[in-house]
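So that the names make sense, note that chain A is the first sequence line, chain B the second, and so on, each numbered from 1. Remember, it's a predicted structure, so these values are computed and weren't measured experimentally.
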Amino acid sequence: MSEAGVIHDIGYQRYQGPRLGRAALLGALYTHGLRSAFGLGRSAKSKIFPWGVAGIVLLVAVINAGVRSQIGRWLFDYYEFANTMSLLVIFFVAIVAPELVSRDIRSGVLPLYFSRPLRAADYVMAKVAALVTAVWLLLGVPQFVMFLTGAFTTKTGMKGVWHELGLLIPGWGYSLLWALIFTSISLLVASLTGKRAFAAGGIVAVFLMTAPVVGVLSSLPSETAHHLAGLASPIALVNGVEIWLRNRTDLGLDIGDFGPIYGIEAFCLIAACLLLLLARYRKVASL
Amino acid sequence: MTIIATQALTKTYGGGVTALSDLTVEVDEGVIGLVGANGAGKSTFIKIMLGLIAPSSGGVRVFDLDPIAETDKVRARVGYMPENDCLPPDVSASEFVTHVGRLSGLPKVAARERASEALRHVGLYEERYRQIGGYSTGMKQRVKLAQALVHDPDLLLLDEPTNGLDPAGRDAMLTLVHRIGNEFGISVVVCSHLLGEVERICDSLIAIEGGRLLRADRISSMTAASDVLAVEVSEGTDELAARLRDLGFEVTPDGRLLLVPLDSDAAYDRILQAVAELDLPLHRLDQRRHRVAELFTVKETVDV
């Protein structure tokens with residue numbers, strides 16, 4: 001007879017349930033990464049920054065939408081919105097990328113990860129996907145708010161909604177390009193150090209210190225140097241890609257006929273950063 | 001059942017450093033002590049078993065699986081507790097062990113259940129909801145052990161589990177390891193540079209030095225028939241030694257002591273009788289068990 005209120009030690013139980021494969025591990029790590037990007041499951045302190053940035057970006061979108069509903073015209077369209085917010089996104093990745101990778105290096109938790117079925121490539125993929133998603137949500141959700149306003153205030157009915165959607169989708173694609181560039185560079189920088197402050201400083205430096213280089217190149221007395229100046233900075237690079245794809249002339253950057261070069265560099269930059277990141281973790285994973 | 005088998009296992013690092021050379025050993029289930037000085041190749045051996053690094057030559061099989069070719073299968077059955085600090089300070093033990101459990105392939109709910117189960121088994125109850133940063137070294141070691149247990153492995157690889165613990169903490173940790181090996185039915189490889197502490201809890205012992213196998217055997221066969229009697233008399237030590245030699249004993253003088261191997265029960269009485277017949281003032285008579293460490297000292301001198 002067992003008495004109430006007595007806790008019985010039932011001893012060690014073997015686990016008989018299912019064991020999931022590597023895809024599930026990747027999913028778990030991705031969800032964990034995305035949650036910690038926004039400080040979910042962390043202390044209140046670590047929620048302040050990401051939600052602060054997200055709040056500001058959303059506020060700008062709401063104001064933009066309000067203006068549109070009043071005067072029928074955007075302050076900035078989907079693309080300009082992403083461009084304008086880039087500075088805030090820099091600060092966002094400067095805080096979040098070290099949170100995702102430097103933290104793991106600092107606490108020495110990686111040997112625990114890599115002694116499990118997880119591989120270096122899985123780890124890199126999960127972290128990259130988490131940060132890309134986070135940055136994309138940061139830009140994409142406000143863009144969607146803008147779309148909703150546009151769709152509801154349209155005067156041409158369903159046709160107007162389709163037209164608006166036709167603008168939103170490439171806008172989302174453009175946000176994805178921003179997300180990929182920001183993620184690949186910031187994760188690579190953050191993976192080099194376990195100190196979050198250094199990582200954050202390094203990330204901001206890479207994005208902001210390269211901007212003056214563009215200025216210097218643009219002031220050289222050579223037409224070609226002007227056209228290629230934008231390649232020197234990731235931000236100008238993304239602008240350059242937009243100018244190339246949408247034939248814009250109002251972004252203060254003249255890329256001449258070198259549009260494809262911008263496209264190629266953007267692709268190569270992302271690929272190179274991701275490969276370096278993978279190489280870095282291949283080395284780390286062997287402990 | 002053999003759980004780990006190596007065949008002429010050799011690992012040479014890039015700079016020409018040989019971490020393991022020609023290691024051939026077969027290990028049965030149970031608690032296994034892996035003993036060697038710092039840099040003897042213990043950690044390299046563990047990394048090879050986990051499939052983290054490939055051996056330069058030779059082969060290793062864990063549960064009759066190749067850790068390089070069938071990494072996932074091996075790792076699903078093995079839990080690893082590293083030597084270094086490896087816990088994030090800003091999460092609770094419960095959250096952390098759940099997270100690592102999911103990375104071992106447990107579904108969400110099962111991971112949570114197994115995490116609190118594992119933490120309970122290592123002796124962390126209400127504390128597990130506090131942040132790890134505020135834990136003592138002993139509690140951190142327990143969390144490290146719990147994270148290795150969370151996915152219910154068949155083999156635990158513990159790298160220096162008593163590192164940094166005070167004597168009471170060491171005892172608690174060793175008792176825990178002993179329980180895991182005997183009550184939970186999980187084989188355990190305990191790495192240590194302290195022979196005295198692992199020999200207490202191990203069924204078998206692998207001793208390596210400079211990457212070479214020194215000896216691998218079951219503890220019982222190592223210490224069998226190795227009892228000695230230490231005799232100390234206040235005077236006439238040499239006289240007694242001569243007398244005992246006459247009686248056919250192998251006598252080893254050790255300072256003021258005479259060490260006499262006890263090969264049978266009758267030997268004890270005969271020694272005592274010899275002391276009485278010589279009418280020597282007996283100071284001490286104590287039966288000791290050979291410590292495994294002494295076996296190695298003997299063996300090494302034979303080797304050289």
K.L.:
I'd like to check B/Leu50 versus B/Val78 (side-chain heavy atoms, cut-off strictly below 4.5 Å). Are they in contact?
P.N.:
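Counting from C-beta outward, B/Leu50 and B/Val78 do come under 4.5 Å.
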K.L.:
Side chain from CB out, backbone as N, CA, C, O: work out which of these in B/Val150 comes under 4.5 Å of a heavy atom of chain A, or both, or neither.
P.N.:
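The answer is the side chain of B/Val150.
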K.L.:
Could you go through B/Arg120 and B/Glu117, starting from their C-alpha distance and side-chain angles, then the distance that decides it, and tell me whether this counts as salt bridge (Lys or Arg N to Asp or Glu O under 4.0 Å)?
P.N.:
CA-CA 5 Å; B/Arg120 184 171 65 83; B/Glu117 187 87 331; 3.4 Å; yes
K.L.:
Verify, without hydrogens or angle tests, whether B/Lys108 (side chain) and B/Arg102 (backbone) share a donor-acceptor contact under 3.5 angstrom.
P.N.:
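Pair absent, no side-chain N/O of B/Lys108 close to backbone of B/Arg102.
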K.L.:
Answer yes or no: is there an ion pair linking B/Asp64 with B/Arg61, defined by an N-O contact shorter than 4.0 Å?
P.N.:
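Here B/Asp64 pairs with B/Arg61 in a salt bridge, since their nearest N and O are under 4.0 Å apart.
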K.L.:
So does B/Gln7 have more than 12 non-hydrogen atoms from other groups sitting under 6.0 Å from CD?
P.N.:
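Atom CD in B/Gln7 is not crowded, with 12 or fewer foreign heavy atoms closer than 6.0 Å.
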K.L.:
Taking every non-hydrogen pair under 4.5 Å, which of B/Val91, B/Asp72, B/Asp90 racks up the most with chain A?
P.N.:
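The residue among B/Val91, B/Asp72, B/Asp90 with the greatest pair count is B/Asp72.
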K.L.:
Need one label for B/Arg114: side chain, backbone, both or neither, based on atoms under 4.5 Å from any heavy atom in chain A.
P.N.:
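Contact with chain A: side chain only.
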K.L.:
Between the side chains of B/Ser104 and A/Arg116, is a donor N or O closer than 3.5 angstrom to an acceptor N or O?
P.N.:
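Their side chains do contain a donor-acceptor pair, which is all the 3.5 Å distance test asks for.
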K.L.:
Which bit of B/Glu95 is near chain A, if near means a heavy-atom gap under 4.5 Å: side chain, backbone, both or neither?
P.N.:
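Just the side chain, heavy atoms under 4.5 Å.
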K.L.:
Let me know if B/Asn84 has heavy atoms under 4.5 Å from chain A in its side chain, its backbone, both or neither.
P.N.:
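Nothing of B/Asn84, per the 4.5 Å heavy-atom cut-off to chain A.
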K.L.:
Non-hydrogen atoms of chain A under 4.5 Å away: do they reach the side chain of B/Asp154, the backbone, both or neither?
P.N.:
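Answer is both: backbone and side chain atoms of B/Asp154 are under 4.5 Å from chain A.
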K.L.:
Hey, are B/His193 and B/Glu160 close enough side-chain-wise for a donor-acceptor pair under 3.5 Å?
P.N.:
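Result is yes, a qualifying pair exists.
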K.L.:
B/Glu183 versus chain A, heavy atoms under 4.5 Å apart: side chain, backbone, both or neither?
P.N.:
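Interface part for B/Glu183: neither.
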K.L.:
Could you tell me which residues in residues 117-132 of chain A have at least one non-hydrogen atom under 4.5 Å from a non-hydrogen atom of chain B, sorted by residue number?
P.N.:
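Within residues 117-132 of chain A, the residues under 4.5 Å from chain B are A/Pro117, A/Leu118, A/Arg119.
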K.L.:
Using heavy-atom distances under 4.5 Å, tell me whether B/Leu157 contacts chain A through its side chain, its backbone, both, or neither.
P.N.:
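For B/Leu157, there is no contact with chain A at all, as no heavy atom is under 4.5 Å.
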K.L.:
Decide whether A/Ser175 and A/Gln143 meet the rule of one side-chain donor and one side-chain acceptor closer than 3.5 Å.
P.N.:
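Side-chain D/A pair, A/Ser175 to A/Gln143: present.
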K.L.:
Any donor-acceptor pair under 3.5 Å linking the side chain of A/Thr193 with the backbone of A/Ala199?
P.N.:
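Here the side-chain-to-backbone pair does not exist.
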K.L.:
At a 4.5 Å cut-off on heavy atoms, which part of A/Arg22 comes close to chain B: side chain, backbone, both, or neither?
P.N.:
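Side chain of A/Arg22 only, per the 4.5 Å heavy-atom cut-off to chain B.
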K.L.:
Quick check for you: among B/Ile53, B/Asp85, B/Val100, which has the greatest number of heavy-atom pairs under 4.5 Å with chain A?
P.N.:
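Sorted descending by pairs with chain A, the first entry is B/Val100.
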K.L.:
Verify whether one side chain among B/Tyr13 and B/Ser56 offers a donor that lies under 3.5 Å from an acceptor in the other.
P.N.:
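The criterion, which ignores hydrogens and geometry beyond distance, is not satisfied for B/Ser56 and B/Tyr13.
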K.L.:
Evaluate the ring planes of A/Tyr113 and B/His99, with Trp represented by its six-membered ring, and classify them as parallel (under 30°), tilted (30 to 60°) or perpendicular (over 60°).
P.N.:
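Ring orientation of A/Tyr113 relative to B/His99: perpendicular.
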